[in-house]
There are 2 protein chains.
Amino acid sequence: MSSSPDLPHPERSEISLTTVLFALSDPERLAIARQLVDGPLDMAECHLSNPDVPKSTKSHLMKVLRTAGVVRNEANGRARRLSLRREDLDARFPGLLDAVLSAEKDSANS
Amino acid sequence: MSSSPDLPHPERSEISLTTVLFALSDPERLAIARQLVDGPLDMAECHLSNPDVPKSTKSHLMKVLRTAGVVRNEANGRARRLSLRREDLDARFPGLLDAVLSAEKDSANS
DNA sequence: TAAAAGGTTCGAAATAATTCGAACGATGGA
DNA sequence: TCCATCGTTCGAATTATTTCGAACCTTTTA
């Protein structure tokens, strides 16, 4: 009874500012992060702006967020539980996540 | 006596969060922004980590920062005066610039 | 014990971003 | 006026990212 793949995550000390900024610089990825502010979600509950994108594409978006250290991705039955790495990010880059996530979500905010 | 080119800058209201994050997600561009926290500099005083990069490349880095709304680029004699758009950014995305610029500049911070 | 559900990975194709030389323009000084 | 300085722009080549189908793996359910 092996389990779903244990994906690699950077340690807190390995999280790079520019990599985090890059991960959040895509509107779709930023929107995902915003969906996680109120707590973890299973992947199927994270919605993309276009509901028709293939699962491989969605998986890749998650990978960018995960390898940047923005999100944790853990096995949860046959699903995947996604959560914001809030404590790690707050410790490493104080105020950054708050600033990004609380920014107005208007049009020019893509 | 026409003057050096007046380059286009986005208005405050047009500055996009993801575009700003993207502009700052490159180590070289982030380093430039950090050099401007203490006040404007002429382009020749902004140093890149590799002093041998061609001027066209440097100019392109500046363009990304400018078109994102991170930096203002004004004619100053035959030089170019670069400044951080601190007020605009603070107004639009409170806390963001502070968080980014005050983050530790250690290795994992590229 | 199948088969469906939920996701990851791989590889290839399409897009986007970066790099840099060459050409150009404006300014300031000789 | 002539020329060196400081930068921008253009276009082409390189490199990086994104997209997506196909193959695969694990878990749950029938």
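Numbers restart at 1 for each chain; the letters A, B, ... are given by sequence-line order, proteins then strands.
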(Q) Around atom NZ of K63(A), are there more than 12 heavy atoms from other residues, nucleotides or ligands closer than 6.0 Å? (A)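 Atom NZ in K63(A) is not crowded, with 12 or fewer foreign heavy atoms closer than 6.0 Å.
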Q | Distance-only polar pair, side chains of N73(A) and R80(A), donor-acceptor under 3.5 Å | A |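 Their side chains do contain a donor-acceptor pair, which is all the 3.5 Å distance test asks for.
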Provide, to the nearest angstrom, the distance between the [atom1] atom belonging to [X] and the [atom2] atom belonging to [N].
X	N	atom1	atom2	value
L65(B)	dA17(C)	CG	P	15 Å
K58(A)	dG7(C)	NZ	C1'	10 Å
E74(B)	dA26(C)	CD	P	19 Å
E28(A)	dT15(C)	CD	C1'	17 Å
D26(A)	dT18(D)	CG	C1'	9 Å
R81(A)	dG6(C)	CZ	P	14 Å
R80(A)	dA5(C)	CZ	P	19 Å
R66(B)	dT9(D)	CZ	P	6 Å

**Q.** Side-chain heavy atoms of P54(A) within contact of H60(A), under 4.5 Å
**A.**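 No, too far: nothing below the 4.5 Å cut-off.
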Q. Quick one: are L24(B) and L17(A) in side-chain contact, heavy atoms under 4.5 Å?
A.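 No. Closest side-chain heavy atoms not under 4.5 Å.
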Q) Taking OP1 and OP2 of dT8(D), is either one under 4.0 Å from a side-chain nitrogen or oxygen of N73(B)? A)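 True: N73(B) side-chain N/O within range (under 4.0 Å) of dT8(D) OP1/OP2.
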Q: Report yes if a side-chain nitrogen or oxygen of T57(A) is closer than 4.0 Å to either non-bridging phosphate oxygen (OP1 or OP2) of dC20(D); otherwise report no.
A: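 The answer is yes; a side-chain N or O of T57(A) sits under 4.0 Å from OP1 or OP2.
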**Q.** First of S56(B) and R78(A) reached from the 5' end of DNA chain D, by closest nucleotide
**A.**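 It is S56(B) whose nearest nucleotide is closer to the 5' end.
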Q. Hey, which of these two, H60(A) or K55(B), hits DNA chain D nearer its 5' end, going by closest nucleotide?
A.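 Its nearest nucleotide lies further toward 5', so the answer is K55(B).
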Q) Which one, dG7(C), dG21(C), dT28(D), comes nearest to the side chain of P54(B)? A)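 Nearest to the side-chain atoms of P54(B), counting from C-beta on, is dG21(C).
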Q: Ignoring the backbone of V64(A), work out which of dG7(D), dT18(D), dT8(D) is nearest its side chain.
A: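 Closest nucleotide to the V64(A) side chain: dT18(D).
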Q. Which comes earlier along DNA chain C counting from the 5' end, the contact point of A79(A) or that of L7(A), where each point is its nearest nucleotide?
A.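 In this pair, the answer is A79(A).
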Q: For the pair D98(A) and R86(A), evaluate salt bridge (Lys or Arg N to Asp or Glu O under 4.0 Å) and give the outcome as yes or no after the intermediate values.
A: CA-CA 9 Å; D98(A) 281 341; R86(A) 203 179 232 308; 3.3 Å; yes
